[in-house]
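What follows is one structure encoded as structure tokens, with my remarks underneath.
So you know, we letter chains A, B, ... as the sequences are listed, proteins then strands, and number each from 1.
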2 protein chains.
Amino acid sequence: MENIVKTQAIAKSDVITMLKERDITPTQQRVEIAQILFAKPQHLSADQVLAIVNAEGAVASKATIYNTLGLFAKKGLVREVIVDPTKVFYDSNINNHHHFFDMDNGELIDIANDHIELGKLPALPDGTVAEGVDVIIRIRKSD
Amino acid sequence: MENIVKTQAIAKSDVITMLKERDITPTQQRVEIAQILFAKPQHLSADQVLAIVNAEGAVASKATIYNTLGLFAKKGLVREVIVDPTKVFYDSNINNHHHFFDMDNGELIDIANDHIELGKLPALPDGTVAEGVDVIIRIRKSD
DNA sequence: ATTGGTGCAAAGGATTTGCAGTCTA
DNA sequence: TAGACTGCAAATCCTTTGCACCAAT
């Protein structure tokens, strides 16, 4: 009946704690969004988050979804993954890991951290610090 | 007077040859755009290409810029680099190399291929082939 | 003539913004 | 209550599309 499922795998009190740890005021919609994101490791676009939230009777507007995801990203709760020029993915897995990007269906797939190995890293330009390293392997169906 | 400079480092006949090699009909505007791109290794957005072209009296429309860059990318003449959700960069350097992305000014910087090292690559999902591997190191000014 | 390429303006889609109303602390 | 947060709709920005015109074979 519904292919949009919200796995309620995380207790409200847990996400409230997570939010507070990052100095994020735990409002109703932020908690709601966080519960969706952290139900499991996944990659969701703003649109998908909106759809899932609304699947249970709109509790957050589009603007709030964007505000919230942007805030979470800035506070380090989620990681933005830029691979598709048409949308940003929010990855609920903060741990070091990289991605396959399936160009056929626009899906992201995790690469377990120990399945890839970055040898030496280059020296950074003077006066800069690294914010993060993304490895993206673009894949496509073999004929 | 003009900070948009078109370095005419490549002869028209050379780019025509490059285009033909990839089965691209060398029209006036494609040649023009190719000369800009291949004047030197660089990363340009569609907007920037348009601006440079127009700096010498519009010879190509916005639609043609997008069509042409998309075509070049598909034919493997340039490489699309997706790091900034607000625009796509076209890299005139096809060789294996990776990038720093300066989050402060939105600029791409090449990483010479021998300054980074990808150890083992993970096994690809069944039935897929790799189209390319992008390594992006996001950097930011240190305080 | 026919096919492919170009230009213009309008359409599209994701994200942002302005501002009034609402909630949290 | 004060300041923060939310919602709605309009606005923006990049990119794509539709369609008429032009060019090359």
Exercise for the section: Look at the rings of A:H43 and A:H97 and say which category their plane angle falls in: under 30° parallel, 30 to 60° tilted, over 60° perpendicular. Expected result: tilted

Please determine whether a side-chain nitrogen or oxygen atom of [X] lies at a distance below 4.0 Å from atom OP1 or OP2 of [N].
{"X": "A:T25", "N": "D:dC5", "value": "yes"}
{"X": "B:T27", "N": "D:dA23", "value": "no"}
{"X": "A:Y66", "N": "C:dT16", "value": "no"}
{"X": "B:T64", "N": "C:dG7", "value": "yes"}

Of the candidate nucleotides [options], which contains the atom at the shortest distance from the side chain of [X]?
{"X": "B:N67", "options": "D:dT17, C:dA25, D:dT6", "value": "D:dT17"}
{"X": "B:Q29", "options": "C:dT6, C:dT15, D:dC5", "value": "C:dT6"}
{"X": "B:R30", "options": "D:dC14, C:dT15, C:dG5", "value": "C:dG5"}
{"X": "B:A63", "options": "D:dA9, C:dG7, D:dC5", "value": "C:dG7"}
{"X": "B:A60", "options": "C:dT15, C:dG7, D:dT15", "value": "C:dG7"}
{"X": "B:S61", "options": "C:dC8, D:dC14, D:dG7", "value": "C:dC8"}

Rounded off to whole Å, could you give me the [atom1]-to-[atom2] distance for the [X] and [N] pair?
{"X": "A:D23", "N": "D:dA4", "atom1": "CG", "atom2": "C1'", "value": "14 Å"}
{"X": "A:K87", "N": "C:dG12", "atom1": "NZ", "atom2": "C1'", "value": "14 Å"}
{"X": "A:L71", "N": "C:dT15", "atom1": "CG", "atom2": "P", "value": "17 Å"}
{"X": "A:D84", "N": "C:dT15", "atom1": "CG", "atom2": "C1'", "value": "14 Å"}
{"X": "A:Q28", "N": "C:dT22", "atom1": "CD", "atom2": "P", "value": "14 Å"}
{"X": "A:L50", "N": "C:dG13", "atom1": "CG", "atom2": "P", "value": "15 Å"}
{"X": "A:I65", "N": "D:dC8", "atom1": "CD1", "atom2": "P", "value": "12 Å"}
{"X": "A:L19", "N": "C:dT24", "atom1": "CG", "atom2": "P", "value": "14 Å"}

Exercise for the section: Please check if any side-chain donor atom of A:T86 sits under 3.5 Å from a side-chain acceptor atom of A:D84, or the reverse. Expected result: yes

Practice task
Name the nucleic acid region contacted by A:S45, choosing base, sugar-phosphate or nothing; use a 4.0 angstrom heavy-atom cut-off, strictly under.
Solution key: nothing

Handout entry: Stepwise side-chain contact (heavy atoms from CB on, under 4.5 Å) check, B:I52 with B:L44
Key = CA-CA 10 Å; B:I52 298 174; B:L44 298 174; 4.2 Å; yes

Problem - Side-chain heavy atoms of B:L37 within contact of B:F72, under 4.5 Å - result: yes

Exercise for the section: Check the hydrophobic clustering (I, L, V, M, F, W, Y; side-chain heavy atoms under 4.5 Å; chains of links allowed) and say if B:I109 and B:F89 are grouped together. Expected result: no

